[in-house]
Enquirer: 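This structure is in structure tokens; I'll ask about it shortly.
In what follows, residues are counted from 1 in the order of the sequence shown. Just follow the structure's listing: the first ligand is 1, and inside any ligand the first atom is 1.
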Amino acid sequence: MDFKPALSRRDLLAASAAGILMPSLAKGAFRADRKRVLRIAHLTDIHVQPEKGAPEGMEAALQHALAQQDKPDLIFTGGDLIMDALGQTRERTKTQWDLFTKVMGGVKIPVEHTIGNHDVWGWGKRDVYSKEPEYGKKWACDVLSLAKPYRSFDRAGWHFIVLDSTFMKEGSGYTAKLDDEQFEWLTGDLKSVPKETPIMVVSHIPIVAACPMFDGDNEKSGDWVIPGAWMHLDARKIKNEFRKYSNVKLCVSGHIHLIDQVVYNDVTYFCNGAVSGGWWGGDYQECTYGYALVDLYDDGSFENRYVPFGWKTR
Ligand SMILES: [Zn+2]
């Protein structure tokens with residue numbers, strides 16, 4: 001098939017390579033007298049479990065973020081808060097949520113949670129768990145005190161949209177996409193935001209990213225393959241919606257346990273690694289245990305950098 005990519009391969013690779021080192025300055029220049037209004041610590045893919053020192057690792061990441069000399073005002077978790085609930089028993093799932101709640105309990109600044117695929121209970125064993133009252137996203141929503149797995153709110157002059165990336169796939173497993181109800185809600189929410197108010201979007205699975213190309217042995221079949229579970233399958237629909245609003249500034253995600261930065265249609269997408277590195281078993285490719293610090297400014301500009309917290313694999 002003959003087609004022209006809107007973003008060249010060179011641009012993609014350059015954007016990806018620049019991810020860790022350079023502050024992102026989409027939309028060109030920022031105001032010289034801009035003021036920072038919010039510093040966010042974005043901790044994604046914590047994957048807490050009793051093994052491999054994960055609770056201590058989670059605690060170390062939080063303490064590292066909270067002990068920054070220039071402290072974050074709030075924490076965003078990016079989903080996959082626990083190792084896995086998709087195919088786990090009630091007991092195992094409870095153990096993980098109890099650990100998560102216990103470690104988070106020590107945090108005294110505001111926390112905004114995102115739900116990831118591994119936080120969904122029982123979709124991997126539907127015949128066993130689908131009749132349980134906490135089946136699916138209910139358990140995670142209850143633990144995190146969320147009325148719904150997606151929402152939006154305003155803070156410090158910015159508008160925040162937290163999406164629910166995990167869509168139930170027929171048979172078993174999941175696809176990264178919004179269901180019709182959530183997509184309709186998103187279009188309405190975007191429309192309702194005054195155009196001077198900058199918008200930041202948080203999703204567990206990237207809407208647009210370069211790093212899924214390097215997940216697994218992607219190209220071994222002789223083609224690049226991006227599964228619908230690795231990047232939003234409805235990315236085209238979502239980016240078309242974003243295109244209507246110049247105040248959509250940045251999107252942050254996790255899920256891939258890799259770090260990148262892609263600027264597409266003037267929206268910057270950051271995939272922010274993983275607190276758990278390679279699921280607490282070491283680094284995952286180039287990505288070590290870490291979290292991101294996201295600075296937001298009153299002129300709609302922002303900076304995002306990945307911060308390793310020095311965890312040693314146990
Ligand atoms: Zn995930």
Side-chain angles (χ1 to χ4, degrees), residues 42-49 51-52 54 57-58 61 75-88 92-93 96-97 99-100 112-125 136-137 139-141 143-144 146 149-150 162-169 172-179 182 201-216 218 225-235 238 251-260 262 269-292 306:
H42 178 224
L43 283 80
T44 188
D45 294 81
I46 297 171
H47 284 286
V48 77
Q49 59 172 3
E51 300 79 12
K52 297 186 182 171
M58 176 183 169
I75 287 173
F76 269 100
T77 66
D80 285 2
L81 311 174
I82 60 173
M83 182 53 84
D84 180 59
L86 276 170
Q88 305 302 319
R92 172 74 184 175
T93 304
Q96 296 173 81
W97 280 125
L99 280 173
F100 182 80
E112 294 289 347
H113 292 294
T114 308
I115 294 180
N117 49 294
H118 284 289
D119 305 320
V120 179
W121 187 41
W123 281 11
K125 286 186 178 168
K137 296 165 192 168
W139 197 332
C141 283
V143 171
L144 306 171
L146 300 174
Y150 59 88
V162 182
L163 296 176
D164 169 21
S165 296
T166 312
F167 181 89
M168 186 190 265
K169 197 174 176 178
S172 78
Y174 63 91
T175 299
K177 64 181 263 192
L178 311 179
D179 62 14
Q182 188 181 177
V201 178
V202 186
S203 62
H204 173 61
I205 301 176
I207 299 168
V208 175
C211 61
M213 286 191 290
F214 301 111
D215 205 352
N218 193 314
V225 180
I226 306 296
W230 292 6
M231 195 180 100
H232 265 259
L233 197 57
D234 52 355
I238 298 176
C251 301
V252 299
S253 68
H255 189 55
I256 308 295
H257 296 226
L258 294 174
I259 304 156
D260 76 6
V262 172
Y269 299 83
F270 296 99
C271 192
N272 276 335
V275 169
S276 65
W279 298 265
W280 300 108
D283 295 350
Y284 184 59
Q285 302 184 40
E286 305 89 354
C287 175
T288 194
Y289 306 96
Y291 61 91
Y306 195 64

Enquirer: May I ask you to check if any N/O/S atom from His204 comes under 2.8 Å of the Zn ion (ligand 1)?
Expert: yes
Enquirer: Can you classify the ring geometry of His255 versus His204 as parallel (below 30°), tilted (30 to 60°) or perpendicular (above 60°)?
Expert: perpendicular
Enquirer: With a cut-off of 2.8 Å, does Asp80 put an N/O/S atom close enough to the Zn ion (ligand 1)?
Expert: yes
Enquirer: When you measure from the Zn ion (ligand 1) to each N, O or S atom of His255, which atom gives the shortest distance?
Expert: ND1
Enquirer: Please give me the minimum heavy-atom distance between Ala274 and His257, naming the atom from each residue.
Expert: CB-ND1, 3.4 Å
Enquirer: Please tell me whether Phe100 and His113 form a close aromatic pair, meaning their ring centres lie under 6.0 Å apart.
Expert: yes
Enquirer: Among Asp80, Leu81, Ile82, exactly one meets side-chain contact (heavy atoms from CB on, under 4.5 Å) together with Val48. Which residue is that?
Expert: Ile82
